[in-house]
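Here is the structure we will look at.
In what follows, chains carry the letters A, B, and so on, assigned in the order in which the sequence lines appear, proteins first and then strands, with residues in each chain numbered from 1.
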2 protein chains.
Amino acid sequence: MPEAPPPAPTGDELLKVLSALGNPHRMRIVAALMESRNYVSALARLIGMGRPLLHMHLQRLEAAGLVAGTLEVAEDGKTVKYYDVTPFFYELTPRVVAQAAATITDTTETDRTAGRSAKEEAK
Amino acid sequence: MPEAPPPAPTGDELLKVLSALGNPHRMRIVAALMESRNYVSALARLIGMGRPLLHMHLQRLEAAGLVAGTLEVAEDGKTVKYYDVTPFFYELTPRVVAQAAATITDTTETDRTAGRSAKEEAK
DNA sequence: GCCACCTGTCAAAGATTCCTGACACATATC
DNA sequence: GATATGTGTCAGGAATCTTTGACAGGTGGC
């Protein structure tokens, strides 16, 4: 059977992926996780960076679907969060970009019909 | 003849490309230029954005090698700068990213032994 | 000269992102 | 209980990016 046709990522998706990967730290994180899955604290020590910071970067990567974290319980009962790299694949060409650009959800329009939590309306 | 082998972009290059494309405006600019080459002012009107801003975005894209601008002289003598999309192609996978991550020039650590162009050493 | 169009740059404001140092909460070991 | 390891979050400042308005040219046509 033939190969799957070139998947056309949505603008927002591609945007998240590109901005997530367009950062040196995040690139290194992916690289480190490629060698072997790891949990947050250990990874932080490995690439010398604060936990809060790493945590934030990992969230950005996970939100883009590039890595996946799972909260596991080690044999000794400690809860540990392991991260793995997702086998992603994106083709970056003018056509793909142009196509994606057409489906971008302009986030600037603060809301409109989008009902917020109905809480900060206090202002 | 066979296809060219998977090109391995350097970390800095990939970084510039990804961060350049990881912006809604810049994506739309590429999309607009895909339909037809155009000059700055016209493009600005086309996608409703200020010239100074467009100018800056175009520079970022050009610095990443995604578009190319040429200053041309129209028949009536007016100087106009046309921009074209460069036929780029990048493959985004964990392996590529990991490989690129290994060749990132950390711009924060002022230098070290890394031999630079031997020019800004002046300081 | 004056107007219309093009090019480019600058400074200052606005918005985001990035980063750090607490803090709170779990479990296992000493 | 005290210590060490793991988890996560928050507030605030630092650093960057984004955006705008004003300015300084250039050419051609009325």
Under a 4.0 Å heavy-atom cut-off, which of residues 36-44 of chain A touch DNA chain D?
-> A:Y39, A:V40, A:S41

Taking a hydrophobic cluster as the set of Ile, Leu, Val, Met, Phe, Trp and Tyr residues connected by side-chain heavy atoms closer than 4.5 Å, whether directly or through intermediates, do A:L33 and B:I104 fall within one such cluster?
-> yes

Closest to the 5' end of DNA chain C, once A:G50 and B:V80 are matched to their nearest nucleotides, is B:V80

Sorted by number, residues from residues 53-69 of chain B placing a heavy atom under 4.0 Å from DNA chain D are B:L53, B:M56, B:H57, B:R60

Closest to side chain of B:N23, choosing from C:dT9, D:dT18, D:dG8 | D:dT18

To the nearest angstrom, the CG-C1' distance between A:L71 and D:dT5 comes to 14 Å

With sequence neighbours left out, which residue pairs that include part of residues 32-43 of chain B fulfil the salt bridge (charged side-chain N to carboxylate O under 4.0 Å, His left out) condition?
-> B:R37-B:E72, B:R37-B:D84

Side-chain polar contacts of residues 53-63 of chain B - donor-acceptor pairs under 3.5 angstrom, sequence neighbours left out - could you list them?
{"residue": "B:H57", "atom": "ND1", "partner": "B:R26", "partner atom": "NH1", "Å": "3.1"}
{"residue": "B:E62", "atom": "OE2", "partner": "B:G69", "partner atom": "N", "Å": "3.0"}

The residue, A:P52 or A:R26, whose nearest nucleotide of DNA chain C is more 5′ is A:R26

Rounded to whole angstrom units, what separation is found between the CD atom of A:E72 and the C1' atom of D:dT7?
-> 14 Å

Apply the test side chain to side chain contact (heavy atoms under 4.5 Å, CB included) to residues B:K81 and B:T70: give CA-CA distance (whole Å), side-chain angles for both, the deciding distance (0.1 Å), then the verdict.
-> CA-CA 5 Å; B:K81 186 154 193 181; B:T70 49; over 6 Å; no

Among residues 14-22 of chain B, which residues get a heavy atom nearer than 4.0 Å to DNA chain D?
-> none

Please walk me through it: do A:L92 and B:L18 pass side chain to side chain contact (heavy atoms under 4.5 Å, CB included)?
-> CA-CA 9 Å; A:L92 225 47; B:L18 296 182; 3.9 Å; yes

Return each pair, listed once, that meets salt bridge (charged side-chain N to carboxylate O under 4.0 Å, His left out) where at least one residue sits in residues 7-23 of chain B; pairs must be two or more places apart or across chains.
-> none

Determine which pairs satisfy ring-ring contact (aromatic ring centres under 6.0 Å, His included) with at least one residue from residues 63-89 of chain A, sequence neighbours left out, and list them in order.
-> A:Y39-A:Y82

Interface polar pairs with nucleotides 25-30 of chain D, N/O, under 3.5 angstrom:
none

Under-4.0 Å side-chain N/O to phosphate OP1/OP2 contact, A:R51 with D:dT9 = no

Shortest side-chain distance from A:K81, nucleotide among D:dG8, C:dG8, C:dC6 = D:dG8

